[in-house]
Protein chains: 2
Amino acid sequence: MAESERVVPVHPIFLANLRDHVHHNLRDAIVAGRFQDGERLSERDLARELGVSTTPLKEALRQLESEGLVRTEARRGVYVTFGAQQAEEMSLARAALESMIARLAAKRAEPSDVERLRDLVRRMEGATAAGDITLLIDLNEAFHGHIHEASGCDYLCRLQAKQQMYNHTIRVGLLGEAEERGLALGEHRAIAEAIATGDQDAAERIMRDHVVRSGQRHVQTVFGATRLGDTI
Amino acid sequence: MAESERVVPVHPIFLANLRDHVHHNLRDAIVAGRFQDGERLSERDLARELGVSTTPLKEALRQLESEGLVRTEARRGVYVTFGAQQAEEMSLARAALESMIARLAAKRAEPSDVERLRDLVRRMEGATAAGDITLLIDLNEAFHGHIHEASGCDYLCRLQAKQQMYNHTIRVGLLGEAEERGLALGEHRAIAEAIATGDQDAAERIMRDHVVRSGQRHVQTVFGATRLGDTI
DNA sequence: CATTGAAATCTGATATATCAAGCATCAGAT
DNA sequence: ATCTGATGCTTGATATATCAGATTTCAATG
């Protein structure tokens with residue numbers, strides 16, 4: 001028996017390091033709106049508050065900067081750049097990327113992928129009817145995850161994940177509303193069928209509208225009124 | 001006379017620092033294919049070659065990592081992650097984002113924006129007829145830049161810029177072909193008209209196909225055969 | 001000869017000291 | 001009272017020393 005059937009290699013990324021801890025901490029705090037837009041961060045003070053040296057903190061800040069969540073001005077300070085408009089645009093970015101992924105999934109999906117997506121939709125129907133929000137969150141994630149897999153994309157999926165502003169708590173809040181559950185179910189069903197029939201344009205359009213809609217709902221709950229107003 | 005009419009404030013970002021130099025150097029080298037996909041980089045060696053300490057290099061590497069161009073395995077090494085597939089996906093990411101921006105531009109463009117875009121198209125026609133590639137490159141950039149402006153987007157445009165794999169040299173090569181110049185001109189004209197008439201769906205679709213097409217041409221010249229083959 | 005495992009070596013991770021630029025303060029000049 | 005500019009403090013930028021994990025080497029062992 002090959003050993004590979006009994007154990008699985010550990011991915012080196014799993015090993016914890018301070019930089020990623022700090023990065024996740026700060027990212028969560030920023031996208032949750034716990035920092036004011038434009039608020040100034042001091043590297044020294046932040047490092048002291050976090051109990052780390054400035055080296056891993058600086059690396060985490062550079063990652064956040066690359067993600068567009070902070071802006072660094074040399075010898076002046078680091079400033080948070082995340083407010084309502086950026087949240088909206090981040091949501092649109094995710095819609096654009098996720099809909100491109102859906103288009104590719106519609107083009108490349110195998111029959112087994114279609115079967116799996118339809119099965120997930122059926123189980124979503126059950127969870128929606130039962131109002132099992134925790135299960136629904138897992139199924140939603142599995143649904144989008146399988147579309148990613150069927151698309152055969154890697155970079156696009158990683159880039160899309162960086163546009164994500166939800167954590168588990170926020171998802172619970174969003175899906176707590178029965179209306180949202182119903183809308184999402186219908187959209188997921190339509191996306192699955194578009195992929196099943198290989199209709200790339202439909203898959204892209206429905207996915208885009210789905211992500212835009214749920215994103216706007218989220219942004220509104222976090223930031224209040226949105227400038228976009230009408231749907232795109 | 002207000003002083004602001006005679007001088008313009010310097011942006012703090014303009015001030016040079018080693019980190020950004022290193023980042024630009026490495027990014028250019030990677031997207032130009034001057035590193036093998038999977039090639040290992042040593043922080044110490046690279047820092048020595050570049051003549052900097054590991055601190056700014058580490059920060060540059062974290063930015064590249066956030067952009068998906070390298071992957072760091074703790075205490076093992078930093079590996080370049082950029083090959084044909086990733087180049088394709090990066091091109092698709094730009095298409096997705098740029099087409100979302102075009103959609104928003106079609107929704108929000110003012111008459112003055114439309115006038116400016118049409119003027120740029122006219123000048124592109126002239127430059128195309130004259131075969132003035134340098135001018136054409138500038139006009140292309142101005143055209144896309146003005147669509148960005150008309151869209152009112154900031155984050156989306158910055159994210160889009162990160163998907164860019166062209167530098168001036170590569171553009172000269174691409175637009176060196178008369179066929180490419182003709183195709184691009186027609187697409188630009190159609191995009192301008194879609195924005196002018198507020199046709200969001202058309203603006204998005206034409207922009208997407210435009211970016212996908214020119215991206216595939218570029219990827220093919222750099223990496224040879226593409227897996228995508230047929231157009232999406 | 002194959003295998004083991006400890007030591008040496010290499011690596012990224014982290015902490016810290018130092019540097020120079022930005023900025024505020026305030027004394028001195030007008 | 002206002003303006004000037006020198007001074008000192010704060011800040012991010014950079015270099016470097018050190019740490020501990022990962023890998024390799026190689027001699028001891030069966």
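Here the structure is a predicted model, which means the values were calculated and not measured.
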For nucleotides 11-15 of chain D, tabulate all protein N/O to nucleotide N/O atom pairs closer than 3.5 Å, reporting atom names and distance.
unit_1, atom_1, unit_2, atom_2, d
dG12(D), OP1, Leu41(A), O, 3.0
dG12(D), OP1, Glu43(A), N, 3.4
dG12(D), OP2, Glu43(A), N, 3.0
dG12(D), O4', Arg75(A), N, 3.1
dG12(D), N7, Arg44(A), NH1, 2.5
dG12(D), O6, Arg44(A), NH2, 2.7
dA13(D), OP1, Arg19(B), NH2, 2.6
dA13(D), OP2, Lys58(A), NZ, 3.0
dA13(D), OP2, Arg19(B), NH2, 3.1
dA13(D), O4', Arg75(A), NH2, 2.8
dT14(D), OP1, Leu18(B), N, 2.6
dA15(D), OP2, Ser53(B), N, 2.7
dA15(D), OP2, Ser53(B), OG, 2.9
dA15(D), N7, Thr55(B), OG1, 2.5
dA15(D), N6, Thr55(B), OG1, 3.4

_Does the structure show a Watson-Crick or G-U wobble partner for dT30(C), both distances under 3.5 Å? Name it, or say none._
dA1(D)
_Does atom CD (Gln164(A)) have a neighbourhood of more than 12 heavy atoms from anything else shown, all under 6.0 Å?_
yes
*Take Ser99(B) and Arg94(B) through the test side chain to side chain contact (heavy atoms under 4.5 Å, CB included) and record every step on the way to the result.*
CA-CA 8 Å; Ser99(B) 64; Arg94(B) 190 167 95 83; over 6 Å; no
*To the nearest 0.5 angstrom, please state how far the CZ atom of Arg62(A) sits from the CG atom of Leu64(B).*
13.5 Å
*Check Arg103(A), Gln163(A), His148(A) against Glu98(A) for a side-chain hydrogen bond (donor to acceptor under 3.5 Å, both in side chains) and give me the one that passes.*
His148(A)
*If the plane angle is over 60° it's perpendicular, under 30° parallel, otherwise tilted; pick one for His188(B) and His210(B).*
perpendicular
